[in-house]
2 protein chains.
Amino acid sequence: MEQDKNNAINATIKDVARLAKVSIATVSRILNGKETVSPHLVERVMSAVEELRYQPNAVARALKVRESLSMGLIIPDIENPFFPALVRGVEDAAQMHDYSVILCNTDGKPAEEERYIRFLYNKRVDGILFTGGRYSDDNVAMLATLSIPVVLLDRRVGSQLSTVVTDNYLGGFMATEHLIKRGRSRIAFISGPPELSSVQTRREGYVQALRQHGLSYGEELVLPGDFTFESGHRAAARLIADGLSVDAFFAANDMMAIGAIEYLRAYGIRVPEEIAAVGYDDIRMAAWYKPSLTTVRQPVYQMGQCAVRRMLELVSGGVRRYSEEVLRPELVIRDSSGSRGGKEQ
Amino acid sequence: MEQDKNNAINATIKDVARLAKVSIATVSRILNGKETVSPHLVERVMSAVEELRYQPNAVARALKVRESLSMGLIIPDIENPFFPALVRGVEDAAQMHDYSVILCNTDGKPAEEERYIRFLYNKRVDGILFTGGRYSDDNVAMLATLSIPVVLLDRRVGSQLSTVVTDNYLGGFMATEHLIKRGRSRIAFISGPPELSSVQTRREGYVQALRQHGLSYGEELVLPGDFTFESGHRAAARLIADGLSVDAFFAANDMMAIGAIEYLRAYGIRVPEEIAAVGYDDIRMAAWYKPSLTTVRQPVYQMGQCAVRRMLELVSGGVRRYSEEVLRPELVIRDSSGSRGGKEQ
DNA sequence: GTGAAAGCGCTAACAC
DNA sequence: GTGTTAGCGCTTTCAC
């Protein structure tokens with residue numbers, strides 16, 4: 001009656017203690033390895049653990065210690081090719097610290113975001129990594145009031161939260177300057193959702209590069225877009241409708257760049273000869289597409305890692321330091337931006 | 001001293017009970033809505049919940065009820081374009097039932113798989129959804145001994161576990177027969193990792209289609225591959241080295257198909273005119289690639305959903321029924337397999 | 001219909 | 001060093 005549970009499916013710390021003939025406190029001490037316990041007890045306990053195939057119950061631990069060793073990762077959509085690398089970066093870094101990551105897809109809908117934040121809070125995650133969709137300032141504000149560490153990814157919002165972003169200004173600048181150096185002078189910008197700070201900042205970089213090189217800039221050079229392939233199509237259609245007064249474009253992401261190129265080529269317009277193109281993100285396809293796409297690569301995987309690091313600092317630090325980490329993007333030069341000599345060549 | 005915690009960050013069920021002047025049992029009953037409670041108490045409790053912004057602690061609940069409302073999802077790599085849709089299917093279905101999903105990337109390494117299985121068991125997830133990498137029968141066996149519901153995804157292994165797969169035999173058959181109907185007669189197969197049951201079964205479908213149409217089949221028609229773009233290159237290189245005695249190929253995934261096409265075209269070989277191609281998966285790029293890729297689409301998102309459904313059945317059913325669900329793939333006909341009239345046209 | 005109380009499995013004082 | 005014990009926040013008998 002006392003020992004018949006040895007082979008039970010779920011051994012508890014109690015079972016281990018009984019089998020090893022020690023108190024549960026001793027078992028706990030040994031398993032957590034913080035205090036010193038005499039070797040012969042260690043041995044007895046460890047073999048009991050073996051025999052019972054004891055696996056500590058993390059739920060009970062979480063309840064007691066108020067630390068679940070889990071974090072929430074809120075993203076718009078894992079099927080959007082930007083996010084897998086981010087998620088992987090987060091997951092790898094989390095796992096390294098014995099943390100689990102709960103994945104949440106919101107499709108950028110504020111209502112879903114709110115649901116998930118509440119959901120994660122219920123689960124008592126130790127922290128939340130958040131990438132918003134559209135303008136979700138409300139939810140960011142809500143996050144700020146929560147008594148939970150938060151790291152914002154790729155979205156710099158006004159509030160007082162830690163953020164990890166890439167330098168979108170620099171990215172936009174590099175892309176545009178590259179086209180200028182390739183001899184282009186009328187450069188359009190295919191925008192993403194204008195509410196996103198990342199998009200705004202890329203555009204600022206674009207504008208500044210034009211200015212700095214004495215090139216003309218006007219609202220008519222900015223084409224609306226929403227990050228989809230199809231909106232690339234539409235932007236190209238407008239370019240054509242406008243009489244093609246442009247000899248290059250910089251798109252706020254690769255998907256739109258490719259959409260636009262496809263459309264232009266369907267109209268017999270040669271890329272890069274007649275119109276040069278630069279994208280943003282360096283998705284996988286950018287390298288394989290014909291013409292291969294010059295683009296601005298974001299260190300997405302590293303962003304994920306950094307975010308986890310920041311979050312863990314917040315969790316353990318206790319003191320809530322609001323930090324901002326800016327990662328440097330990189331220009332990847334391929335065929336779509338034309339050859340060194342410019343369009344004449 | 002009794003009520004000064006009202007605005008504390010983390011209200012507990014106790015705080016709510018005190019404020020509403022009822023017992024914690026009553027609060028619990030109302031919040032779970034299973035038993036009937038008199039309306040005036042409901043009102044009092046609900047307004048206390050409001051006032052305190054009470055959020056139940058799921059960890060405590062999980063400990064008590066032995067149900068964490070979370071599941072683990074083990075995949076090789078979220079950056080592999082096959083998986084995002086799967087993950088999304090799982091996540092959506094899970095969320096619909098108030099479940100959270102813990103994502104685990106193993107890179108297909110058995111050691112990582114084992115680590116994660118243990119990890120998830122520690123967290124007392126209610127079930128595990130598992131897609132193995134290579135031949136990980138050991139871990140599948142380990143899963144089988146665990147006292148935890150498991151659903152295997154896309155891998156039919158000998159053991160007694162529930163599985164959700166697509167009909168790879170049918171997929172291979174359809175792909176091959178399509179090429180035959182397009183007038184091709186010497187059809188190569190670019191294989192994936194030969195240990196994967198999915199790959200083996202696709203190959204069986206391929207072989208059977210050839211046989212059934214009285215076409216020759218031999219080992220020399222099977223080219224090794226490992227699902228990467230580069231291995232598609234290599235396969236094409238071998239095709240060329242062999243003197244191109246082939247007028248079509250069927251690749252076990254799209255990535256390799258595209259890799260092979262790229263290589264062939266770099267050698268001036270026209271696709272589909274000289275060599276027709278069919279892939280597998282229908283990744284996003286398949287539609288955009290030039291030539292657009294004829295391929296076999298797997299209902300990946302639905303697989304994720306089905307797997308969750310199965311798992312939830314196991315969890316609630318109590319009785320462990322080992323089921324097997326086979327989803328039907330679909331042939332998506334595009335340009336890479338040539339025109340209806342066959343290669344002569 | 002409602003409250004009191006036991007206990008899920010664990011950690012961390014606190015005694016000895 | 002080691003054991004005893006008090007909870008973490010919740011659900012669920014069991015009485016009334």
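Every heavy atom of this structure was used, including side-chain atoms; hydrogens, water molecules and symmetry mates were not. Residue numbering restarts at 1 for every chain, and letters A, B, ... go by the order of the sequence lines.
- Side chain of B/Thr106 to backbone of B/Gly108: a donor-acceptor contact under 3.5 angstrom is found.
- Residue A/Ser23 places no side-chain N or O under 4.0 Å from the OP1 or OP2 atom of D/dT4.
- Here the C1' atom of nucleotide D/dT12 and the CD1 atom of B/Ile24 are 11 Å apart, to the nearest Å.
- The nearest heavy atom of DNA chain C to B/Thr36 and to A/Tyr54 marks one nucleotide each, and the one closer to the 5' end goes with B/Thr36.
- In terms of polar N and O atoms assigned as donor or acceptor, the side chain of A/Arg66 never comes within less than 3.5 Å of the base of D/dG9 in a complementary pairing.
- There is no side-chain donor-acceptor pair under 3.5 Å between A/Tyr54 and A/Asp15.
- Between the NZ atom of A/Lys64 and the P atom of C/dG9 there is a distance of 16 Å, given to the nearest Å.
- Rounded to 10 degrees, the angle between the two end axes of the helix from C/dG1-D/dC16 to C/dC16-D/dG1 is 40°, with five pairs used at each end.
- At the phosphate of C/dT2, OP1 or OP2 sits under 4.0 Å from a side-chain N or O atom of B/Ser38.
- When rounded to the nearest whole Å, the span between CG of A/Leu31 and P of C/dT11 equals 8 Å.
- Phosphate contact (OP1/OP2 of D/dG3, side-chain N/O of A/Thr26, threshold under 4.0 Å): present.
- Between A/Arg88 and B/Glu79 there is no salt bridge, since none of the side-chain N atoms of the basic residue sits less than 4.0 Å from a carboxylate O of the acidic one.
- A cation-pi arrangement, defined by a distance under 6.0 Å to the six-membered ring centre and an angle within 45 degrees of its axis, is absent between A/Arg118 and A/Tyr116.
- In terms of phosphate contacts, A/Asn32 brings a side-chain nitrogen or oxygen within less than 4.0 Å of OP1 or OP2 of C/dT11.
- Salt bridge annotation for B/Arg66-B/Asp126: absent, with no cationic side-chain nitrogen under 4.0 angstrom from a carboxylate oxygen.
- The cationic atom of B/Arg124 (NZ for Lys, CZ for Arg) lies less than 6.0 Å from the six-membered ring centre of B/Tyr121 and within 45° of the ring axis.
- For the pair A/Thr12 and C/dG9, the criterion of a side-chain N or O lying under 4.0 Å from OP1 or OP2 is not met.
- Among the nucleotides C/dA13, C/dC10, C/dT2, the one closest to any side-chain atom of A/Pro56 is C/dC10.
- With A/Lys123 contributing its side chain and B/Ser68 its backbone, the two residues share a donor-acceptor pair below 3.5 Å.
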